[in-house]
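Data first, discussion second: the structure below is written as structure tokens.
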Amino acid sequence: HWSGGQAMLFFETNANGTAITAYSGTQNIVSDFTGATYRLRETNRGTGNGVINTYNLLTGTNYGAAVDFTDADNNWNNVNAQKDEYATDAHWGTEMTYDYFLTQHNRNSYDGAGAPLNSYVHYDVNYFNAFWDGTRMTYGDGSAVNSFKPLTSLDVCGHEITHGVTNFTSNLTYSFESGALNEGFSYSFGKAIEAYARPANYDWLIGADFF
């Protein structure tokens with residue numbers, strides 16, 4: 001990268017790290033290293049070009065204002081008042097969902113062609129929901145109803161990404177009976193992914209980690 005007539009080199013490389021997640025204990029993750037800090041991004045999976053990225057919405061709703069989660073040593077133990085430790089649940093959960101569809105169904109990301117999997121954490125204030133909007137996953141931090149626990153559990157990650165798989169396969173209309181099938185497939189795959197990635201600690205209740 002050139003700036004002001006001087007050459008400055010910036011590089012990004014995948015790095016194996018450790019995450020102390022809020023819901024799934026200590027897990028191995030892949031982040032990237034910029035030369036100065038680690039970020040919740042990786043290009044090891046899929047066709048590359050940043051296939052798994054996890055961003056911080058800072059309790060806002062403007063995706064263009066999202067920033068990176070960062071860590072100094074790639075040992076992600078990011079407990080703070082903002083609940084940033086839950087971001088590694090979303091990142092690891094996305095990695096595990098990608099691995100599940102690839103190893104169990106030979107499917108490369110939700111579209112079958114290595115599409116980037118972008119997650120946005122800390123959406124809005126007191127937002128007790130998570131959703132897939134056709135291109136990305138978004139997670140609220142919860143509300144008083146669930147003791148303000150973010151919705152980044154493994155089964156919900158799998159659930160939301162499966163909506164993408166449905167979009168690119170059957171494309172079930174999200175209303176009435178077809179909408180019920182759309183949700184049902186996401187529930188089923190969400191739990192299958194939890195059993196695949198966390199076999200010693202799974203159940204058949206969606207969202208049991210936070211609710």
Side-chain angles (χ1 to χ4, degrees), residues 17-31 38-42 45 51-61 63 66-71 75-101 109-110 116-133 135-165 183 186-187 189-198 201-203 205-211:
T18 302
I20 303 174
T21 72
Y23 294 130
S24 297
T26 301
Q27 300 292 343
N28 296 321
I29 64 168
V30 178
S31 63
Y38 295 91
R39 307 179 297 182
L40 289 181
R41 302 190 190 191
E42 72 141 293
R45 291 167 167 86
V51 72
I52 294 178
N53 305 303
T54 305
Y55 299 111
N56 186 353
L57 277 169
L58 301 167
T59 68
T61 59
Y63 292 93
V67 299
D68 280 301
F69 289 99
T70 62
D71 188 79
N75 180 32
W76 296 76
N77 187 16
N78 295 37
V79 178
N80 57 25
Q82 291 73 44
K83 302 181 180 180
D84 286 345
E85 65 271 24
Y86 291 90
T88 56
D89 285 277
H91 194 73
W92 177 73
T94 301
E95 291 177 333
M96 293 301 97
T97 300
Y98 176 87
D99 289 352
Y100 169 82
F101 278 111
S109 191
Y110 61 83
L117 290 162
N118 296 317
S119 300
Y120 291 82
V121 180
H122 299 324
Y123 177 84
D124 211 349
V125 177
N126 299 335
Y127 189 78
F128 181 32
N129 211 342
F131 59 90
W132 159 265
D133 67 3
T135 60
R136 60 199 165 201
M137 294 73 69
T138 301
Y139 301 95
D141 283 344
S143 68
V145 174
N146 74 322
S147 301
F148 299 99
K149 294 181 180 178
L151 278 76
T152 55
S153 64
L154 174 59
D155 54 357
V156 172
C157 292
H159 176 106
E160 300 307 340
I161 295 169
T162 300
H163 280 307
V165 175
E183 277 295 324
S186 279
Y187 285 132
F189 277 104
K191 299 317 301 184
I193 290 160
E194 184 178 271
Y196 164 81
R198 209 174 69 182
N201 180 20
Y202 74 94
D203 53 48
L205 300 173
I206 283 286
D209 286 340
F210 58 79
F211 192 52

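Being a predicted model, the structure only gives us computed values, none of them experimental. The chain is numbered in sequence order, starting from 1.
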What are the two closest non-hydrogen atoms of [X] and [Y], and how far apart are they?
| X | Y | answer |
| --- | --- | --- |
| S153 | G207 | OG-CA, 4.4 Å |
| S31 | R39 | CB-O, 2.9 Å |
| T152 | C157 | O-SG, 3.7 Å |
| E95 | V30 | OE2-N, 3.1 Å |
| L151 | A130 | CD2-N, 3.9 Å |

Those residues that, when tested against K191, pass salt bridge (Lys or Arg N to Asp or Glu O under 4.0 Å) (two or more places apart):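 Salt bridge (Lys or Arg N to Asp or Glu O under 4.0 Å) list for K191, sorted by chain: D155, E194, D203.
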Enclosure of F131 CZ (heavy-atom neighbours >12, cutoff 6.0 Å):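 For F131, atom CZ is crowded (more than 12 foreign heavy atoms under 6.0 Å).
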Y139: partners by ring-ring contact (aromatic ring centres under 6.0 Å, His included), with sequence neighbours left out: none
With H159 via ring-ring contact (aromatic ring centres under 6.0 Å, His included) - residues at least two apart: H163, Y187
Straight-line distance of [X] [atom1] to [Y] [atom2], nearest 0.5 Å:
| X | Y | atom1 | atom2 | answer |
| --- | --- | --- | --- | --- |
| D124 | T61 | CG | OG1 | 6.0 Å |
| E85 | Q82 | CD | CD | 9.5 Å |
| Y86 | Y23 | OH | OH | 4.5 Å |
| S119 | N56 | OG | CG | 12.5 Å |
| T135 | L117 | OG1 | CG | 11.0 Å |
| T18 | N28 | OG1 | CG | 5.5 Å |

Side chain to side chain contact (heavy atoms under 4.5 Å, CB included) between R136 and Y63, intermediate numbers included: CA-CA 10 Å; R136 60 199 165 201; Y63 292 93; 3.2 Å; yes
Closer than 3.5 angstrom, by distance alone: can the side chain of [X] be matched with the main-chain N or O of [Y] as a donor-acceptor pair?
| X | Y | result |
| --- | --- | --- |
| E160 | W132 | yes |
| D71 | N75 | yes |
| S143 | F128 | no |

Residue among N53, T54, D68 satisfying side-chain hydrogen bond (donor to acceptor under 3.5 Å, both in side chains) with R41: D68
Y120 and Y55 aromatic ring geometry - parallel, tilted or perpendicular at 30°/60° bounds: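 Because their plane-to-plane angle lies in the 30° to 60° range, the rings of Y55 and Y120 count as tilted.
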Parallel, tilted or perpendicular: ring planes of F189 versus Y100, cut at 30 and 60 degrees: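 Geometry flag for Y100 against F189: perpendicular rings.
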Would you call [X] and [Y] a side-chain contact if the rule is heavy atoms closer than 4.5 Å?
| X | Y | result |
| --- | --- | --- |
| F211 | V145 | yes |
| D141 | H122 | yes |
| D209 | R198 | yes |
| Y127 | T138 | no |

Side chain to side chain contact (heavy atoms under 4.5 Å, CB included) assessment of Y123 paired with N129: CA-CA 9 Å; Y123 177 84; N129 211 342; over 6 Å; no
Near-ring test F101/Y110, centroid separation under 6.0 angstrom: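 Centroid separation for Y110 and F101: 6.0 Å or greater.
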Residues I29, W76; criterion side chain to side chain contact (heavy atoms under 4.5 Å, CB included); working and verdict: CA-CA 9 Å; I29 64 168; W76 296 76; 3.7 Å; yes
D89/K149 salt bridge by N-O under 4.0 Å criterion: no
Name of the residue among V165, I52, I193 meeting side chain to side chain contact (heavy atoms under 4.5 Å, CB included) with T97: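 Only one option passes, and that is I193.
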F210 and V156: CA distance, side-chain angles, deciding distance, side chain to side chain contact (heavy atoms under 4.5 Å, CB included) verdict: CA-CA 10 Å; F210 58 79; V156 172; 3.6 Å; yes
